[in-house]
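Written out below as structure tokens is the structure these notes cover.
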Protein chains: 2
Amino acid sequence: MALEDYPRPSVTVDVIIFTLHDDLQVLLIKRKYPPFAGMWAIPGGFVQEGESLEETALRELEEETGVRDVYLEQLYTFGNPGRDPRGWVITVAYFALVPCTAVDLQAGDDAAEARWFSIHSLPLLAFDHADILPYALQRLRYKLEYSAVGFELLPETFTLTELQTAYETILDETLDKRNFRRKILGAGVIERTGAYRTGEGRPAQLYRFRDDAVAEVKARRLFP
Amino acid sequence: MALEDYPRPSVTVDVIIFTLHDDLQVLLIKRKYPPFAGMWAIPGGFVQEGESLEETALRELEEETGVRDVYLEQLYTFGNPGRDPRGWVITVAYFALVPCTAVDLQAGDDAAEARWFSIHSLPLLAFDHADILPYALQRLRYKLEYSAVGFELLPETFTLTELQTAYETILDETLDKRNFRRKILGAGVIERTGAYRTGEGRPAQLYRFRDDAVAEVKARRLFP
DNA sequence: ACAAAAGTGTTGAGAGTACACCCATGC
DNA sequence: GCATGGGTGTACTCTCAACACTTTTGT
């Protein structure tokens, strides 16, 4: 039995692009054409033959933001019937973490407009994107706790206070300064650059992430 | 631009079916037709229109094993070009946990034979299934540590020693008996049935899983 | 000199880990 | 009565969490 004997769905890749700019933000595009014309949506596009899913995601990411070499992870594949009024469409969702310093917004030609939205003030979303986005946020928060993905949202160098603020923003809770510093320095995942950031008050040491660091910790065990 | 203007891939769902029978085992089917005729493969099939991905996975699972109502989780979507010599095929992989008591093997009509293989003695696999299977195993081991999925591989009632042996088999390490018992009883996820299992030696209390239990523990934090 | 942010240690509580012997049954 | 697997407690270590003052700079 040949492949052509089975009906085939359309397959898209959607990329939830997070950045940190005062608040945790997501890039959304305003749809130019029906369905959902004028509504906001997660950027995405059709997979092309001869291209891996990750390549599709990277292509979409570059089209929207101009960035390459950022953190990208497959999230989940959504295929419920009826999720797209145009017909049978399965979407493979990815999420990306982009430092706010690296972004250069450029609306793709299938979008009227691209904009960052704080995750605390999201608009109504097209398709089933209102289900997909919280899923991505949950995964991000979860990964943040046991891995070092948080650094992917920060510029190359940063102060300890900036790092702590980033974590507090994403996790939406406050952390103890001394405990935070002790633990992160003890983990050996960052190192001093030797430079300082000056401004109001005492200048702060600048740190950078050590990408040779093993930046993942085992989950706490439910059973011994 | 209409959906039909874009080329569409074939989409399959593959289900890695785990069970515990002395050792941790995986169900594989021997392919009847080319490509890879005669080779072993993860069971799977094409998604049908009007069906969710999870429904496809459940359908495949029931066709192969006759079971319903077992643990099923989406794993990852594989879409590398060239992974299927027949053409452009994307597969959404799921994994399932089946108690060995519940299984009733029945080869689907597209398979010559279905068999359980210990994960320590796997045959050569068709397609890119040799990449998919270790991925599933890693996810299973990982989830086992911070959630209670391990119970999904056990019969309804079990002794504490059986439970501990199950964990030891999957994690491939030995655990301390007293610590194991203290922690799992303290977690409140199992309860006595009142019945005993007799055999050689002192009879053992039988326990059952409490499905009202919150059986997930937070990951250890990398940072406070 | 004062405002503003950076930096720095200690203590108490709870969880994790290591470890060895008695108990109930079948043969 | 003995072989077989079931069941139990304690002490030490380490990690986690709570908490407040001094230092350095710019104005």
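Just so it is clear: chains get the letters A, B, ... in the order the sequence lines come, proteins before strands, and each one is counted from 1.
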Which whole-number value in Å describes the distance from [X] [atom1] to [N] [atom2]?
X: B:Leu206; N: D:dG7; atom1: CG; atom2: C1'; value: 15 Å
X: B:Tyr196; N: D:dG5; atom1: OH; atom2: C1'; value: 15 Å
X: B:Gln205; N: D:dG5; atom1: CD; atom2: C1'; value: 14 Å
X: B:Arg197; N: C:dT25; atom1: CZ; atom2: P; value: 16 Å
X: A:Phe180; N: C:dA6; atom1: CZ; atom2: C1'; value: 14 Å
X: A:Glu162; N: C:dA5; atom1: CD; atom2: P; value: 13 Å
X: B:Arg192; N: D:dG6; atom1: CZ; atom2: C1'; value: 12 Å
X: A:Leu185; N: C:dG9; atom1: CG; atom2: P; value: 12 Å

* To do: State, yes or no, whether a side-chain contact exists between A:Glu152 and A:Val70 at a heavy-atom distance under 4.5 Å.
  => no

* Structure fact -> Once base and sugar-phosphate atoms are separated, protein heavy atoms under 4.0 Å mark nucleotides 18-27 of chain D, 5' to 3', with B, S and - as BBB--BBBS-

* Asked: Looking at B:Thr161, does any N or O in its side chain come under 4.0 Å of the phosphate oxygens OP1/OP2 on D:dG6?
  ->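 Answer is yes, contact under 4.0 Å.
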
* Verify the distance criterion only: is there a donor paired with an acceptor across the side chains of B:Thr91 and B:Thr12 at less than 3.5 Å? =>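 Indeed, the side chains of B:Thr91 and B:Thr12 share at least one donor-acceptor pair under 3.5 Å.
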
* **Over all atoms of both residues, closest heavy-atom pair of B:Leu171 and B:Arg141** =>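 Shortest heavy-atom contact: CD2-O, 4.1 Å.
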
* To do: Would you kindly check if the NZ (Lys) or CZ (Arg) of B:Arg115 is within the cone defined by 45 degrees around the ring axis of B:Phe117 and under 6.0 Å from the six-membered ring centre?
  => yes

* Asked: When you look at CD of B:Glu191, are more than 12 heavy atoms from neighbouring residues, nucleotides or ligands closer to it than 6.0 Å?
  -> yes

* To do: Please list all pairs passing the salt bridge (charged side-chain N to carboxylate O under 4.0 Å, His left out) test where one or both residues lie in residues 117-130 of chain B, with sequence neighbours left out.
  =>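 Residue pairs passing salt bridge (charged side-chain N to carboxylate O under 4.0 Å, His left out), neighbours aside: B:Arg83-B:Asp128.
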
